[in-house]
Amino acid sequence: MRTIAVVQAKGGVGKSTVAVHLACGLADGGRETILIDLDPSRGASECLGVESERGRVDLWDVLNGRAELLQAVVPVPGVSKLRVVPHGVASYEALMRSLLRLRVVLAPLRRSNVEYVILDTPPSWSPSTARALAAADEALAVTEPRTLSLQALGDQMRLIEETRARDNPALRLLGIVPNRVMRTRLARSSIDHLRASYPGRVLPSIRESARIAECPQYRMPVSRYAPQSAAAHDFDSLTRAVIRLTA
């Protein structure tokens, strides 16, 4: 089982979109996948039409030790091998004070048939992001090819390195995903700069697309909503790169 924390250092770069589509791509490829929504904006849950319901076991119960994680998963309609742990109505920050709590919660999954766990972390830095990195095998950083996003990426890289040095020696940087890439000179030069700064770490880019922006309205990934679109092709390329790197 591989646990991948999808992170960003600046809000609004499409982190949850990348987490959702990567999880869907892995599941479509025949791999049992669980997406855990740690982001209080609930973007990943809502994009897939999966919401926490009153009375249902959720991540709050799991972190409190009242239930196992597999009791909190919800199947995703139309994506047979993908299940989601939706974000509940409460914040998990208080329950994530213990550095290793999330790692302990995820441990039983290693005895199951789950092949990938995708952690959609809160925007920017938070204790939950640090705990997700402490529990993960890999970190996948999402950025936009714009000046402020690239500056913030440096902060995220430092957090990953600090987590590796202090809390999780097994953590590695899986790669950097340039997202919402437009056909501009700035975007091209920014990606060139990324490749020079992080050689071998820049994964396939995701182009800016109206199709991706429309997906949450229909509660389905772009592979279902617009399977022939450039966006669907981009996420397929990203998924194949992730599978290759985690094989």
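Across all non-hydrogen atoms, the minimal contact from Tyr225 to Glu214 is OH-OE1, 2.6 Å. Annotation for Ile4 and Tyr116: closest pair CD1-CD2, 4.1 Å, computed over non-hydrogen atoms. When every heavy atom of Gly25 is checked against every heavy atom of Thr239, the shortest pair comes out as C-CG2, 3.5 Å. For the residue pair Pro204 and Pro178, the shortest heavy atom distance occurs at O-CD, 4.3 Å. Across all non-hydrogen atoms, the minimal contact from Ile118 to Ala23 is CG1-CB, 4.1 Å. Residues Pro86 and Ala72 approach most closely at CD-O, 3.9 Å, considering heavy atoms.
Looking only at side-chain heavy atoms (C-beta outward), Ser223 and His21 stay at 4.5 Å or farther from each other. The side-chain heavy atoms of Val79 and Leu48, taken from C-beta on, include no pair separated by under 4.5 Å. Counting heavy atoms from C-beta outward, Ser190 and Arg146 have side chains that stay 4.5 Å or more apart. A 4.5 Å side-chain heavy-atom check between Val62 and Leu59 finds at least one atom pair inside the cut-off. With contacts defined as side-chain heavy-atom distances shorter than 4.5 Å, the pair Leu194/Thr143 qualifies. Side chains of Arg180 and Thr17 form no contact here, defined as non-hydrogen atoms less than 4.5 Å apart. A heavy-atom distance below 4.5 Å is found between the side chains of Leu102 and Leu38. Contact check for Leu22 versus Val177: no side-chain heavy atoms found under the 4.5 Å cut-off.
Atom CZ of Arg172 sits about 7.5 Å away from atom OG1 of Thr246, to the nearest 0.5 Å. If you take CG on Leu133 and CG on Leu159, they are separated by 5.5 Å, rounding to the nearest 0.5 Å. Taking CD of Glu68 as the reference point, atom CG of Leu109 lies at 9.0 Å (rounded to 0.5 Å). We find the CD1-NZ distance between Ile34 and Lys81 to be 12.5 Å, quoted to the nearest 0.5 Å. Here the straight-line distance linking atom NZ of Lys10 with atom CD of Gln151 works out to 10.5 Å at 0.5 Å rounding. Interatomic distance, OG of Ser209 versus NE2 of His233, reported as 12.5 Å (0.5 Å rounding).
Ile212 and Val181 fall into different hydrophobic clusters, defined by Ile, Leu, Val, Met, Phe, Trp and Tyr side-chain heavy atoms under 4.5 Å apart, directly or through other members. Cluster annotation: Ile206 and Leu174 are assigned to the same hydrophobic cluster (Ile/Leu/Val/Met/Phe/Trp/Tyr, side-chain heavy-atom contacts under 4.5 Å, transitive). One hydrophobic cluster, built from ILVMFWY side chains closer than 4.5 Å, holds both Leu153 and Leu173. With hydrophobic clusters built from ILVMFWY side chains whose heavy atoms lie under 4.5 angstrom apart, Val73 shares a cluster with Ile36. In the hydrophobic clustering of ILVMFWY residues, with side-chain heavy atoms under 4.5 Å counting as a link, Leu238 and Leu82 come out together.
Side chain of Asn179 to backbone of Val13: a donor-acceptor contact under 3.5 angstrom is found. Put simply, the side chain of Asp155 never gets that close to the backbone of Arg158: no donor and acceptor are under 3.5 Å apart. Put simply, the side chain of Lys15 never gets that close to the backbone of Pro123: no donor and acceptor are under 3.5 Å apart. At least one donor-acceptor pair closer than 3.5 Å links the side chain of Arg103 to the backbone N or O of Ala134. A side-chain donor-acceptor contact under 3.5 Å links Asp234 to the backbone of Arg207. Asn168 contributes a side-chain N or O that, together with a main-chain N or O of Ala136, makes up a donor-acceptor pair within less than 3.5 Å. Remark: side-chain polar atoms of Arg195 are not paired, donor with acceptor, to backbone N or O of Gly200 under 3.5 angstrom.
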Let's go through Val20 and Phe235 carefully: what are the C-alpha distance in whole Å and the side-chain angles of both, what is the deciding distance for side-chain contact (heavy atoms from CB on, under 4.5 Å) to 0.1 Å, and is it a yes or a no?
CA-CA 10 Å; Val20 164; Phe235 277 115; over 6 Å; no
Would Leu203 and Leu245 count as a side-chain contact (heavy atoms from CB on, under 4.5 Å) here? Give the steps.
CA-CA 10 Å; Leu203 300 183; Leu245 290 168; 3.6 Å; yes
Kindly determine whether Arg2 and Glu138 satisfy side-chain contact (heavy atoms from CB on, under 4.5 Å), including the steps that lead there.
CA-CA 8 Å; Arg2 308 305 298 177; Glu138 285 101 8; 2.5 Å; yes
Take Arg211 and Gln228, measure what side-chain contact (heavy atoms from CB on, under 4.5 Å) needs, and give me the verdict at the end.
CA-CA 11 Å; Arg211 295 290 179 264; Gln228 303 303 317; over 6 Å; no
Can Arg110 and Asp137 be said to form a salt bridge (charged side-chain N to carboxylate O under 4.0 Å, His left out), step by step?
CA-CA 12 Å; Arg110 298 191 181 277; Asp137 301 305; 3.4 Å; yes
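One finds a salt bridge joining Arg240 and Asp236 here, because a Lys/Arg side-chain nitrogen approaches an Asp/Glu carboxylate oxygen to under 4.0 Å. By the 4.0 Å N-to-carboxylate-O rule, Asp37 lies too far from Arg42 to be salt-bridged with it. Here Glu161 pairs with Arg164 in a salt bridge; the nearest charged N to carboxylate O distance falls below 4.0 Å.
Considering Leu70, Thr33, Val76, Leu35 in turn, Leu70 is the only one that fulfils the side-chain contact (heavy atoms from CB on, under 4.5 Å) rule with Arg83.
Other residues, nucleotides and ligands contribute over 12 non-hydrogen atoms within 6.0 Å of the CD atom of Gln71.
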